[in-house]
There are 2 protein chains.
Amino acid sequence: MEKLKLDDLQLKVMQVLWREGEVGVSGIQEQLKAKEDRELAITTLNTVLQRLYKRGIVNYRKEGRQYIYRAEVTEKETQSSMASSLIDKLFKGKSSVLVNHLLESSAFDQDELEDLKRKIAAAQQKKKDNE
Amino acid sequence: MEKLKLDDLQLKVMQVLWREGEVGVSGIQEQLKAKEDRELAITTLNTVLQRLYKRGIVNYRKEGRQYIYRAEVTEKETQSSMASSLIDKLFKGKSSVLVNHLLESSAFDQDELEDLKRKIAAAQQKKKDNE
DNA sequence: GCTTTAATACTACAAGTGTAGTAGTTTTGT
DNA sequence: ACAAAACTACTACACTTGTAGTATTAAAGC
């Protein structure tokens, strides 16, 4: 797993691809306008996509003379990669340090806490089963 | 709370400041060499510090003709800011989505899970007390 | 068939970052 | 007192990102 780093706009674009599967550039433009409220020139998106393509993060097929792009990394991979990068850089490399920080800053409401408790129990169970 | 974004090298430098409180540039250089194994030219660090200063992230006092820098943002602030930025961008704005993701990718060992359970219980208690 | 329209290719440019060199000025060592 | 060392100031340069303009070419409308 190489380090995958996506900046803001790149992420927005990737999110469209993750949602849609395959999209042409103008489709991406529409989606961004609709869901993210970002009005970007087509040429801007073209540039972004081309750069992502050079890095192997997206790929495309041609349909007529249109480029239909698709993501080459999954959302989960990206989440893992970027989360662990943050954890490494700022939370001593330990997820638990991050979570403690979040707990301290009251980042969760009651329902979420309850839910987490359940999920943790499940994770513990799973660990036990794997032994 | 403004959005605080620190890149890799900037973070490394900030980490030294957080640890040490006040340090001169050559002190920072030594610390980075010792603890991070990064050998950087003094001028590089000077540039980085000046840029951070321009952004109001560090400040300094002069001691003789030396600049003694100190952090103007705390580590916790930075952690909060960067964590929530990641959460916003990649985890639907919900800390719990992040934590779920971490749980799914088995980012915790048994001890950590146990510890989390305790901390969550404590957080729940605290929420109750605050009512 | 000829004009819009749509699409890509190529170019551009300002900011920010990583990284450091050179020049100039104190301080220090001897 | 002078050379060497320590510091800061200024400059530089390549790379990445955000953002888009212009040029060219192909498709579609009428």
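Letters A, B, ... mirror the listed sequences (proteins, then strands); counts begin at 1.
As rounded to whole Å, 10 Å separates atom C1' of D:dT17 from atom CG of A:Asp8. Per the geometry, OH belonging to B:Tyr60 stands 10 Å off P belonging to D:dT8, to the nearest Å. Distance, B:Glu36 CD to C:dG18 C1': 16 Å, rounded to whole Å. Atom CD of B:Glu63 and atom P of D:dC7 are 11 Å apart (whole Å).
One N or O donor and one acceptor, one from the side chain of B:Thr47 and one from the base of C:dA20, sit under 3.5 Å apart. The base of C:dG16 lies outside donor-acceptor range of the side chain of B:Arg55, with no N or O pair under 3.5 Å. For a distance-only test at 3.5 Å, the side chain of A:Thr43 fails to qualify as a donor-acceptor partner of the base of C:dA9. The base of D:dA27 is not paired with the side chain of A:Arg65 by any donor and acceptor separated by under 3.5 Å.
Using a cutoff of 4.0 Å between basic side-chain nitrogens and carboxylate oxygens, B:Arg70 and B:Glu20 are not scored as salt-bridged. Taking the charged nitrogens against the carboxylate oxygens, B:Asp115 and B:Lys119 do have a contact shorter than 4.0 Å, which makes a salt bridge.
Here A:Asp7 lies in heavy-atom contact (under 4.0 Å) with sugar-phosphate atoms only. A:Ile42 comes within contact range of at least one nucleobase, with a heavy-atom separation under 4.0 Å.
We find the CD-OG1 distance between B:Gln10 and B:Thr78 to be 11.0 Å, quoted to the nearest 0.5 Å.
For B:Thr44, taking side-chain heavy atoms from C-beta onward, the closest of the listed nucleotides D:dG18, D:dC7, C:dT19 is C:dT19.
With hydrogens and angles disregarded, a donor-acceptor distance shorter than 3.5 Å links the side chain of B:Gln79 to the backbone of A:Leu90.
Considering only side-chain N and O atoms, B:Tyr67 lies under 4.0 angstrom from the phosphate OP1 or OP2 of D:dA9. Residue A:Gln66 places no side-chain N or O under 4.0 Å from the OP1 or OP2 atom of C:dA6.
Residues A:Asn100 and A:Glu104 bring no donor and acceptor atom of their side chains to less than 3.5 Å of each other.
Where B:Arg51 and B:Val25 each meet DNA chain D at their nearest nucleotide, the meeting point lying more 5' is that of B:Val25.
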